[in-house]
Amino acid sequence: MSFFRPFFQWSDGTWVGIALRRSLWLFPLVETIHLLALSLFLGTIGILGLRLFGFAMRRQKIPQFARDLAPWNIGSLCVVLLSGWCLFASEAFKCYDSIPFHIKMVCLFLAVLYHFTIYRKVTQSETSRVTTGRTRLAAAISLLLWFSVGLAGRAIGFL
Amino acid sequence: MIRLLFTFCQWLHETTFSTAIRESIWIFPAIETTHVMALALSVGTIAVIDLRLVGLAMRKVPVSEISKQLLPWALIGFGIMFSTGSLLFIAQPLKCYQSIFFPIKMGLILCAGLNALVFQLTMYSTLADWDQEPVPPFWARLMGSLSLVLWVGVVAAGRTMAYKF
């Protein structure tokens with residue numbers, strides 16, 4: 001953990017961190033943006049999951065469907081990550097001491113890595129036009145990873 | 001009227017059920033976490049449907065297909081939101097009573113529901129005409145945008161309620 005400590009320190013001292021700490025309403029605003037963006041992001045993940053499981057939108061071929069959702073999927077993820085960093089910057093040292101935060105970051109790293117490698121490969125593969133065992137597994141892992149991030153994030157507030 | 005409401009919230013607060021949820025170490029957090037996580041299924045799914053209505057997302061897919069396929073899931077999501085939300089209210093009726101954002105949130109949910117109802121009763125009959133269009137007609141776009149704005153408001157009000165606590 002001490003490997004990342006300089007990053008925590010740097011984030012804490014940025015104007016973003018300072019501004020969010022000083023203002024009464026800026027933190028709630030950024031947190032609301034974080035929540036809205038993650039609702040949309042998890043929504044697209046969920047919808048992609050529904051398609052990969054064959055529960056909805058079965059007439060759509062998976063690669064095209066995934067490509068159509070991609071702008072909103074990636075776009076909302078960017079907003080989540082950016083707003084998330086802003087929130088982090090405002091309370092970096094509290095996060096440093098928070099076990100759920102570290103768990104969340106590990107899950108986030110794994111989720112993003114998975115999303116842009118294996119998941120992308122499975123959803124873009126032409127053999128994934130219809131639902132298969134492989135697509136179901138890919139969706140299950142995706143949902144598991146992303147909801148772990150969400151749950152761990154929620155736990156930061158409790159513990 | 002307000003007096004009656006307050007008396008009701010006070011009575012509810014003192015029931016065994018309400019107290020049990022409120023004072024449990026894990027029950028309230030579990031319900032609240034489910035409430036927030038189900039946002040993806042409810043608001044997240046509705047957002048994608050609305051984005052199609054506004055002509056911003058999935059323009060190659062017919063509106064009817066998106067609506068018919070995804071709306072049932074959104075309704076399941078709202079079912080979860082409503083039941084967990086009710087439990088949260090039952091657990092902390094006085095805090096909800098004291099926060100101005102609670103009636104604001106309920107009002108916005110009501111408006112969003114009405115908007116959806118009006119859409120179903122009016123635009124839906126003409127759906128066949130513009131189903132395949134990448135960009136739906138003006139009124140559909142308006143109602144889709146209104147829906148998005150209202151749900152953003154609901155989430156914002158819900159979050160702000162937590163701060164005022």
Side-chain angles (χ1 to χ4, degrees), chain A residues 24-51 53-61 64-76 80 83 87 100 142-143 146-159, chain B residues 25-26 28-52 54 56-62 64-74 76-77 80-81 101 134 148-165:
Chain A
L24 212 62
W25 55 269
L26 210 51
F27 185 92
L29 177 67
V30 175
E31 201 186 22
T32 304
I33 292 172
H34 189 69
L35 193 57
L36 287 165
L38 89 88
S39 297
L40 183 59
F41 176 71
L42 287 180
T44 58
I45 290 287
I47 290 171
L48 274 168
L50 285 173
R51 177 61 193 92
F53 270 107
F55 289 155
M57 312 290 304
R58 272 198 295 246
R59 256 191 285 176
Q60 303 301 314
K61 297 196 178 66
Q64 188 56 50
F65 190 68
R67 239 173 280 144
D68 286 341
L69 270 176
W72 296 97
N73 180 254
I74 308 296
S76 58
V80 171
S83 57
L87 296 172
S142 164
L143 288 163
W146 289 113
F147 275 92
S148 299
V149 179
L151 283 171
R154 198 65 202 88
I156 299 176
F158 284 130
L159 301 168
Chain B
I25 295 177
W26 65 272
F28 186 85
I31 297 174
E32 205 214 6
T33 304
T34 310
H35 191 72
V36 176
M37 297 270 79
L39 271 176
L41 192 59
S42 53
V43 173
T45 308
I46 282 287
V48 174
I49 298 175
D50 287 337
L51 286 170
R52 176 61 185 94
V54 177
L56 282 176
M58 318 218 48
R59 284 191 273 212
K60 283 175 246 169
V61 184
S64 61
E65 192 176 335
I66 291 193
S67 181
K68 246 177 248 165
Q69 297 282 311
L70 294 180
L71 215 48
W73 294 96
I76 292 174
I80 299 174
M81 296 306 281
F101 291 99
L148 283 167
V149 169
L150 288 169
W151 286 115
V152 166
V154 170
V155 174
R159 196 65 202 91
T160 314
M161 244 173 72
Y163 274 103
K164 293 303 173 183
F165 286 4

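Chain identifiers are assigned alphabetically (A, B, ...) following the order of the sequence lines, protein sequences preceding nucleic acid strands; residue numbering begins at 1 within each chain. Since the structure is predicted, the reported quantities are computational estimates derived from the model, not experimental observations.
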Are B:Leu51 and A:Leu40 packed together at the side-chain level, in the sense that at least one heavy-atom pair is separated by less than 4.5 angstrom? yes
Would you say that A:Asp68 contacts B:Arg59 through its side chain, given a criterion of any heavy-atom pair below 4.5 Å between the two side chains? no
Result block: side-chain N/O donor-acceptor pairs under 3.5 angstrom for residues 152-159 of chain A, not counting sequence neighbours:
{"residue": "A:Arg154", "atom": "NH2", "partner": "B:Glu32", "partner atom": "OE1", "Å": "2.6"}
{"residue": "A:Arg154", "atom": "NH2", "partner": "B:Glu32", "partner atom": "OE2", "Å": "3.2"}

If you tally heavy-atom pairs under 4.5 Å against chain A, which of B:Ile46, B:Leu56, B:Val43, B:Thr45 wins? B:Leu56
Can you tell me which portion of [X] sits under 4.5 Å from chain B's heavy atoms? Options are side chain, backbone, both or neither.
X	result
A:Arg59	both
A:Phe55	both
A:Leu50	side chain

For B:Ala40 and A:Leu42 the tightest heavy-atom approach is CB-CB, 3.3 Å
Considering all heavy atoms of both residues, which atom of B:Gln69 and which atom of A:Arg58 are nearest to each other, and what is their separation? OE1-N, 4.1 Å
Under 4.5 Å to a heavy atom of chain A? For B:Lys68 that would be neither
Which region of B:Val36, side chain (C-beta onward) or backbone (N, CA, C, O), has a non-hydrogen atom less than 4.5 Å from a non-hydrogen atom of chain A, or is it both or neither? side chain
Taking A:Leu29, A:Ile47, A:Thr44, A:Thr32 one by one, which has the highest count of heavy-atom pairs under 4.5 Å against chain B? A:Ile47
Contact leader toward chain B among A:Leu36, A:Ile33, A:Leu38, where contacts are heavy-atom pairs under 4.5 Å: A:Leu36
So, A:Gln60 and B:Glu65: side-chain donor and acceptor under 3.5 Å apart, yes or no? yes
Residue pairs meeting side chain to side chain donor-acceptor pair (under 3.5 Å), one or both in residues 33-42 of chain B, sequence neighbours left out, come to B:His35-B:Thr84
